[in-house]
Amino acid sequence: MLLHEIKLKNFRQYYLEQTIEFSRSSNRNVTVIHGENGSGKTALLNAFSWCFYGKLDLPNAKEIINEHAVRVARSNEEVESSVTIKFSDHEKMYTLKRRFIARKGGNDTVYYGEPEVLLTFKMNGNIETISNPTDEINRILPENLRTYFFFDGERIDNLSKDNSSGEIKNAIKSIMGLEILERAVKHTGDASTRFRSELKNYGDPKTINLIEEIEKLESQVEELKSRRELLVKNLDATKKQMKETESKLKFIEGSQQLQQEKEQKDDELAEIQSDLKKLQKEIMETVSKYGYLAFSYTAVNQSESIINEKESEGFGIPGIRSSSFIDDLIQRGVCICGVEIKENSSHYEHLLKIKEFLPPQSLDSAIINFKTGIKIVKDARQKFYEQLKDLKQKEIKFQTVERRLKEEINEIKSKLNEKDSEEISSLVSKLEKLENTQSQTEREIGGIDQEIKQLTGQLSDKEKEQKKVSSIASKAQIAQKRIDACQTLIQAMEEIYNIRESLIRLELQERITNVYRQFLRKGYEITLSEKYELNVVNQNNNKVGMSQGERQITSLSFIGAIVDLAREQYKKEIKSAFEEGGIYPLVMDSPFGALDSDHRERIAKGIHKLSDQVIVIVSTSQWRGEVEGQMKELIGKEYHLKYNDPRINKDQPYEYTEAIEVI
């Protein structure tokens with residue numbers, strides 16, 4: 001997808017019609033739009049979201065139509081407010097227009113109509129209208145990704161904050177084709193359920209009973225999953241409210257310092273709890289892998305005692321350690337007592353019987369190997385004890401620190417409660433309720449996870465049992481084969497999903513690291529965990545706290561990585577159905593605001609590489625100096641947002657913005 005132009009007509013402060021064309025050049029792929037604070041930079045960014053999805057992240061979001069356009073309209077005259085975007089995707093030229101119509105009635109009353117959306121595309125000279133534009137728009141650029149590609153640079157740091165892993169995972173699934181596999185698994189599962197209903201109609205009583213049990217278990221699992229999904233959403237909302245409440249406390253005089261201390265302690269607690277969880281997992285894995293050694297003590301000691309006893313007594317006949325000794329006597333034909341040994345003689349038969357009681361020639365070697373094995377087991381057991389002791393000591397230390405931090409946080413809460421301020425007291429009380437809600441919700445989610453695990457195990461057992469039950473009717477046999485095929489297909493698709501997800505995460509990790517190293521001057525490393533958390537660690541592999549600017553760079557690195565990977569997949573000559581990828585533009589408002597001069601220069605130097613099309617909306621103060629020096633040779637189109645201040649311009653005493661191209 002490449003943007004060609006945007007037209008704003010009476011949209012917010014854009015009076016009449018303003019047009020901005022975007023650069024699509026391969027070597028000058030940057031469009032720069034200059035604007036001072038209040039000139040309409042944020043409104044322009046929101047024009048994209050409103051046109052594509054009908055969403056506005058602005059104050060007074062319902063006030064879309066330009067005030068001056070309504071004011072100067074005559075009675076019964078209609079005023080149109082619209083945003084039109086032309087863009088291309090997969091060799092199609094699209095025109096998308098979203099508009100509001102207002103009619104000015106008597107006594108300056110304004111009647112607003114419903115928003116209208118029109119999407120057309122041109123291909124091979126023919127223009128066609130798309131009847132369901134929402135579906136087509138979401139196919140090209142899903143709504144849940146809009147904040148990634150039309151984003152406010154001052155808010156972009158949210159991606160690197162806590163609780164953003166779900167948002168990151170959804171973005172990766174949407175862009176990398178994982179959602180296709182998820183839907184395929186779901187639809188195949190639905191088909192399997194339908195076939196099972198058929199089987200119930202044709203099967204014998206035992207089959208019917210098993211199917212009913214399976215359906216009941218499946219229903220219970222689905223109910224639990226739906227409940228879990230709702231709880232996760234509630235948990236995210238609770239965490240968001242907690243962040244907002246904590247932010248308010250941080251800016252109230254009298255609670256600033258205490259709240260900042262609490263946030264620092266909260267971060268330390270989260271880090272220590274994360275480390276503790278990893279350590280406890282390591283303990284479980286160690287016990288699971290080597291725990292059997294703890295029960296080897298008796299067996300090892302008894303084996304060692306038996307070997308020592310037998311060695312001291314000698315094996316078989318005293319003084320004769322090997323059957324090869326008898327073979328040598330028979331070959332010589334003379335016994336040690338001097339008697340001649342003849343075949344089939346009584347002496348010969350006697351020697352053969354003795355040979356049966358002697359150990360094989362390899363016994364000595366076997367004894368040595370066995371004793372070596374015993375020593376290895378004893379050493380391994382000792383090492384296991386030492387390792388487990390070391391891990392448990394670390395666990396105690398972590399738990400001690402965790403307990404201390406919780407006590408310190410509770411003490412800070414008590415101090416906040418003691419503040420003689422109704423506002424502070426109210427916020428602290430609200431925060432405590434939210435924390436209790438969070439704990440309760442997390443416990444409930446944990447219980448549901450355990451219940452789902454148990455039911456899934458029962459379901460698997462019932463499905464295996466059902467496969468063993470033979471059906472008499474041919475239709476039942478066909479239905480069973482279809483069920484088996486669906487289950488095999490689901491298993492295969494889930495394996496493909498897991499493999500593909502792992503590969504994508506590794507590829508993203510590599511790209512994020514490359515972008516991050518270019519942008520950040522510190523020697524930090526960025527990692528994308530299995531839970532899709534963006535973590536930044538120092539040289540000692542410890543998680544570090546970041547400034548707003550550093551978080552912005554972290555988030556920008558992630559967005560650049562997924563855009564780059566999607567672009568690479570799109571341009572592959574041979575690709576699978578899951579590797580469609582795509583070209584995505586980046587539209588950024590104030591991407592340099594929170595950065596110091598060095599980081600501005602680093603971002604400006606590499607930002608054009610993140611996408612085939614980069615649109616930067618920037619103030620003069622952010623542009624001048626390092627940014628301009630690095631980006632001026634990359635600009636394909638450049639505009640200036642000229643703002644009319646009614647307090648200064650008495651000839652035009654109303655607010656409006658013009659988009660003027662810089663030649």
Asks: Is a salt bridge present between Glu116 and Arg99, judged by a nitrogen-to-oxygen distance below 4.0 Å?
Replies: yes
Asks: Is any side-chain heavy atom of Leu3 closer than 4.5 Å to a side-chain heavy atom of Gln613?
Replies: yes
Asks: Using modelled atom types only, decide if a donor and an acceptor are shared between the side chain of Thr238 and the backbone of Leu434 within a distance under 3.5 Å.
Replies: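 Between the backbone of Leu434 and the side chain of Thr238 there is no qualifying donor-acceptor contact (under 3.5 Å).
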Asks: Go through the steps for Ser621 and Ser619 under the test side-chain hydrogen bond (donor to acceptor under 3.5 Å, both in side chains), then give the verdict.
Replies: CA-CA 6 Å; Ser621 61; Ser619 67; 3.2 Å; yes
Asks: Is the shortest side-chain N to carboxylate O distance from Asp564 to Arg567 below 4.0 Å?
Replies: yes
Asks: Closer than 3.5 angstrom, by distance alone: can the side chain of Asp89 be matched with the main-chain N or O of Ile140 as a donor-acceptor pair?
Replies: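 Between the backbone of Ile140 and the side chain of Asp89 there is no qualifying donor-acceptor contact (under 3.5 Å).
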Asks: Can you tell if the side chain of Glu143 reaches within under 4.5 Å of the side chain of Asn138, non-hydrogen atoms only?
Replies: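 The answer is yes; the side chains approach within 4.5 Å.
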Asks: Is a side-chain N or O of Lys104 found less than 3.5 angstrom from the main chain of Arg71, in a donor-acceptor match?
Replies: yes
Asks: Within a strict 4.5 Å, meaning less than it, do heavy atoms of the Thr513 and Glu525 side chains meet?
Replies: yes
Asks: Does one side chain, of Glu658 or Tyr15, offer a donor that lies under 3.5 Å from an acceptor on the other?
Replies: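 Looking only at side-chain atoms, Tyr15 and Glu658 do not form any donor-acceptor pair under 3.5 Å.
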Asks: Just to verify, what does His640 make a side chain to side chain contact (heavy atoms under 4.5 Å, CB included) with, not counting sequence neighbours?
Replies: His34, Lys642, Val662
Asks: Rounded to the nearest 0.5 Å, what's the gap from NZ on Lys637 to OG1 on Thr31? Could you check?
Replies: 8.0 Å
Asks: Between Lys650 and Arg647, is there a donor-acceptor pair closer than 3.5 Å when you use the side chain of the first and the backbone of the second?
Replies: yes
Asks: With a 4.5 Å heavy-atom cut-off, do Met631 and Trp623 have their side chains touching?
Replies: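 A side-chain contact under 4.5 Å exists here.
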Asks: Can any side-chain N or O of Lys262 pair as donor or acceptor with the backbone N or O of Ile412 at less than 3.5 Å?
Replies: no
Asks: Are the side chains of Glu136 and Arg139 in touch, meaning some heavy atoms are under 4.5 Å apart?
Replies: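 The answer is yes; the side chains approach within 4.5 Å.
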Asks: Within the distance-only criterion (no hydrogens, no angle test), does the side chain of Thr657 pair as donor or acceptor with the backbone N or O of Ser39 below 3.5 angstrom?
Replies: yes
Asks: Any side-chain heavy-atom pair from Gln622 and Val627 closer than 4.5 angstrom?
Replies: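 A side-chain contact under 4.5 Å is absent here.
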Asks: Before accepting this row, confirm whether a basic side-chain N of the pair Arg28/Glu633 lies closer than 4.0 Å to the acidic partner's carboxylate O.
Replies: yes
Asks: If only atom types and distance count, is the side chain of Gln630 paired as donor or acceptor with the main-chain N or O of Arg600 below 3.5 Å?
Replies: no
Asks: Could you give the side-chain donor-acceptor pairs of residues 44-55 under 3.5 Å, partners two or more places apart or in another chain?
Replies:
unit_1: Asn46; atom_1: OD1; unit_2: Asp57; atom_2: N; d: 2.6
unit_1: Asn46; atom_1: ND2; unit_2: Thr42; atom_2: O; d: 2.9
unit_1: Tyr53; atom_1: OH; unit_2: Leu141; atom_2: O; d: 2.5

Asks: Crowded around Gln257 CD? As in, over 12 foreign heavy atoms under 6.0 Å?
Replies: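 No, the 6.0 Å shell around CD holds no more than 12 heavy atoms from other groups.
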Asks: Asp612 versus Asn29: any side-chain heavy-atom pair under 4.5 Å?
Replies: no
Asks: Would you say that more than 12 heavy atoms from the other residues, nucleotides or ligands in this model lie under 6.0 Å from the CD of Glu67, or not?
Replies: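 No, because the 6.0 Å sphere around CD of Glu67 holds 12 heavy atoms or fewer from other groups.
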Asks: Got a donor-acceptor contact below 3.5 angstrom from the Lys86 side chain to the Met93 backbone?
Replies: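 A pair under 3.5 Å: no.
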Asks: Can you find a heavy atom in the side chain of Ile85 that is under 4.5 Å from one in the side chain of Tyr94?
Replies: no
Asks: Does Asn514 reach the main-chain N or O of Glu510 with its side chain, forming a donor-acceptor pair under 3.5 Å?
Replies: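 Yes; at least one donor-acceptor contact below 3.5 Å.
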Asks: To the nearest 0.5 Å, tell me how far Tyr639 OH sits from Thr19 OG1.
Replies: 8.0 Å
Asks: When Asn66 is tested against each of Leu16, Asn10, Leu8 for side-chain contact (heavy atoms from CB on, under 4.5 Å), which residue passes?
Replies: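 Checked Leu16, Asn10, Leu8 against Asn66; only one passes side-chain contact (heavy atoms from CB on, under 4.5 Å): Asn10.
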Asks: Working note: Tyr14 + Leu641, criterion side-chain contact (heavy atoms from CB on, under 4.5 Å); need CA distance, chi angles, decisive distance, verdict.
Replies: CA-CA 10 Å; Tyr14 290 89; Leu641 299 180; 3.5 Å; yes
Asks: Cut-off 3.5 Å, no hydrogens considered: what does the side-chain donor-acceptor table look like for residues 125-134, sequence neighbours left out?
Replies:
unit_1: Asn132; atom_1: ND2; unit_2: Asp135; atom_2: OD2; d: 2.9

Asks: Could you walk me through whether Leu610 and Ile607 pass the side-chain contact (heavy atoms from CB on, under 4.5 Å) test, one step at a time?
Replies: CA-CA 6 Å; Leu610 298 182; Ile607 200 170; 4.1 Å; yes
